[in-house]
> 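If you scroll down you'll find the structure; I have some questions about it.
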Amino acid sequence: MSVSTDGRLLFGGDYNPEQWPEEVWAEDVALMKEAGVTTVTVGVFAWAKLEPRPGARDFGWLDRLMDLLHTHGIGVVLATPTASPPPWLGRLHPETLPRDEDGHIIWWGSRQQFSHSSSAYRRYAAAITEDLAIRYGHHPALRMWHINNEYCTSDHGDEAARAFRDWLRAKYRTLDALNEAWGTAFWSQHLDTWADVIPPRRAQYTRNPAQLLDFRRFTSDALMECYVAERDLVRRHSPAHVPVTSNFMPLWVGQDGWAWAEQEDVVSVDVYPDPRDPLGGQYNAMIADMTRGQARGPWMVMEQAAGPVNWREVNHPKPPGLNRLWSLQAVARGADAVHYFQWRQSRQGAEKFHSGMVGHAGAEGRAFAEVKRIGAELAKLAVAGTHEASGIAILHDWHAWWAGDQDGRPSKRVTYEGVVRAWHRALWEAHLPTDFAHPEHDLSPYKVVVVPQLYLLTDAAVDNLVAYVRGGGTLVCGFFTGIADADDRVRPGGMDARLRELFGIRTLHEWWPLDAHESVECGEFRGTLWSEELTATEDADVVAAYRGGDLDGLPAVLRRGRAWYLSTLPEPPALSSLLADVAAGAGVRPPLSGLPAGVEAVRRGGLLFLLHHGRGETVVPLPDGAAYEDVLSGAQYTGSVTLGRFGVAVLAREERGAGAA
Ligand code: GAL
């Protein structure tokens with residue numbers, strides 16, 4: 001399955017024509033052509049427009065729109081509108097409205113007010129989806145199906161409670177097994193009948209972590225059932241080559257992205273780095289790497305912003321060049337499509353101050369000028385469908401995140417996302433491209449595997465890590481890993497015994513988490529966030545030891561053969577150079593040597609992408625004797641390339657007319 005058959009990248013955005021009089025559509029299409037738009041995502045929130053009252057159908061406007069787009073050669077990513085039920089659904093079926101942990105109803109008036117477990121919601125969603133699929137499944141404009149939008153709702157109400165019980169029954173079979181898995185001997189939580197099982201609701205004090213973990217799992221699965229039901233309907237009524245996707249929020253805690261990705265033909269993500277964040281480029285890279293890892297096939301940026309969003313405390317525009325830089329960065333890291341939210345900035349509604357590809361300033365606006373440039377440049381890059389292997393994988397798992405970030409843990413300052421981001425940043429700053437993988441994946445393609453933090457590891461995952469190192473792989477593992485089993489039960493000894501043996505940890509006595517103002521000296525660097533009182537086995541090498549303080553002389557970084565263990569979070573430059581050294585030792589080096597700070601180099605489809613995240617000018621040395629052409633500008637380079645503020649060069653190697661970059 002692919003998004004394009006000719007290597008051409010898709011370029012476009014969410015298009016909400018229902019917000020505009022039809023006279024505007026002609027101008028929209030003309031501007032889309034001017035900007036090189038290939039595809040638009042239509043109908044994401046159009047349920048009330050398509051079904052203004054229960055059972056009614058109004059497809060006339062969509063017929064006209066699909067035909068218009070097709071006439072102008074613009075493809076459609078057609079969305080099922082089920083993320084935003086019309087008010088009449090809540091009025092007729094109040095049980096479709098989800099409840100929060102306090103039992104409060106989530107009302108209509110915004111969007112996403114649906115309970116994943118409501119049979120009425122599922123019935124109405126299936127009906128509109130099927131009619132949409134029957135009507136447009138063979139329309140020549142159809143390029144892809146887009147199911148719902150950013151599945152993210154949770155429900156703690158009674159219908160969800162029944163579904164949760166069914167899910168638990170299927171998993172545990174007996175109440176005894178559930179009591180055992182949830183550790184209900186603690187605080188008199190023993191469940192006497194299935195009716196005692198409820199979703200997590202407001203309680204007096206810290207709640208049962210195993211219940212919370214299973215509720216997360218259940219919620220992800222319940223949402224996925226909604227997705228799969230709609231996916232199967234659209235597949236039934238359209239040709240087999242039309243892919244189906246549903247867009248993730250980046251690093252979104254609520255969906256098990258690995259499980260979901262297996263159900264999608266194309267994995268898509270919505271990514272909104274803060275233009276003011278000095279590490280916004282790293283964040284964009286990380287989301288691309290993660291999405292590519294999940295997809296293990298085609299993936300796309302379904303949404304990004306051409307300018308400011310409207311949901312931060314302060315919403316900054318993108319300075320000139322940043323939209324282009326981040327768009328090309330996503331392509332360099334494997335995206336087959338770059339789409340935006342949204343095509344034309346709204347004049348009404350909750351997002352009227354959220355930018356569009358065509359902003360309130362219209363075609364005269366700076367945003368549109370940059371969009372046009374990006375569209376023209378993407379058309380020169382026929383890399384869709386190409387994939388580059390990375391030598392390094394970062395392991396990531398939602399179940400570990402769900403279990404590890406709960407209340408009642410050693411330090412609230414340690415967050416899963418924060419730690420993953422710190423490790424990815426370290427690799428990014430070392431110019432080392434990375435993949436993301438699941439701890440139970442086949443890791444043999446990677447020379448180096450890093451584990452920022454996996455508090456929960458299944459037995460299969462632990463075996464996988466041990467086998468990976470035995471098979472010749474290099475593993476670098478961060479603290480608070482392998483602590484709990486799949487039921488969130490602490491492993492004997494406080495950390496999995498096989499892992500302790502792997503890293504050469506004799507005894508893990510105590511964790512010594514650090515306060516915000518604290519750091520610990522570890523020889524040549526300082527550790528932050530966390531430290532540990534542990535002793536090493538005789539065959540382990542203490543690479544760095546704590547100096548001073550309560551842990552004086554104890555190991556901070558341990559190594560046993562190819563297995564490394566970091567019991568603290570080294571400051572960014574130290575973590576970066578440690579990982580660079582370990583990677584070099586395993587034969588993994590940056591795509592280009594001598595890269596200046598802030599310049600990212602990534603290879604894809606025989607091209608070398610150079611992306612400059614800084615605002616000054618920088619010189620990037622090129623390999624001796626080789627000549628390159630920038631396929632975007634046509635400029636020729638030998639020796640070096642000078643990149644200006646947010647500059648990008650996409651180089652094809654010219655030497656003797658042959659070879660890859
Ligand atoms: C996304 C959503 C879009 C739009 C956008 C604004 O989460 O899918 O519909 O709301 O955010 O940034």
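Order of appearance sets the numbers: ligands from 1, and atoms from 1 within every ligand.
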> Hey, is Asp265 close enough to Arg235 for a salt bridge, meaning N to O under 4.0 Å?
yes

> In terms of atom number and element, which parts of ligand 1 are under 4.0 angstrom from non-hydrogen atoms of Asp270?
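Taking each heavy atom of Asp270 in turn, ligand 1 has 8 (O) under 4.0 Å.
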
> Under 3.5 Å, N or O to N or O, is Asn149 touching ligand 1 that way?
yes

> Do any N or O atoms from the side chain of Glu34 and from the backbone of Lys372 form a donor-acceptor pair under 3.5 angstrom?
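The answer is no, because no donor-acceptor pair under 3.5 Å joins these two groups.
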
> Please determine whether a side-chain nitrogen of the Lys or Arg among Lys318 and Glu370 lies less than 4.0 Å from a carboxylate oxygen of the Asp or Glu.
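The answer is no: the pair does not qualify as a salt bridge.
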
> At less than 4.0 angstrom from any non-hydrogen atom of Phe45, what atoms of ligand 1 do you find?
9 (O)

> Considering Gln112, His354, Glu303 one by one, which has a heavy atom nearer to atom 8 (O) of ligand 1 than any of the others?
Glu303

> Arg217 side chain to His399 main-chain N or O, any donor-acceptor pair under 3.5 Å?
no

> Taking heavy atoms and a distance under 4.0 Å, where does Arg111 meet ligand 1: side chain, backbone, both or neither?
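For Arg111, the contact with ligand 1 is made by the side chain alone.
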
> Are the charged groups of Asp63 and Arg57 less than 4.0 angstrom apart, N to O?
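Arg57 and Asp63: not salt-bridged.
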
> Give me the residue, atom name and distance of the protein heavy atom closest to atom 7 (O) of ligand 1.
Glu150 OE1, 2.5 Å

> Hey, which atoms in ligand 1 end up nearer than 4.0 Å to a heavy atom of Trp311?
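Answer, ordered by atom number: 6 (C), 12 (O).
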
> With a 3.5 Å distance limit and no angle check, can you tell me whether Glu159 reaches the backbone of Ser119 through a side-chain donor-acceptor pair?
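Confirmed, Glu159 side chain pairs with Ser119 backbone.
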
> Please classify the Asn310 to ligand 1 contact at 4.0 Å (heavy-atom distances, strictly less than): side chain, backbone, both or neither.
neither

> Is there side-chain contact between Leu132 and Phe59, with heavy atoms separated by less than 4.5 Å?
yes

> Among all protein heavy atoms, pick the one closest to atom 10 (O) of ligand 1 and tell me residue, atom and distance.
Glu351 OE2, 2.4 Å

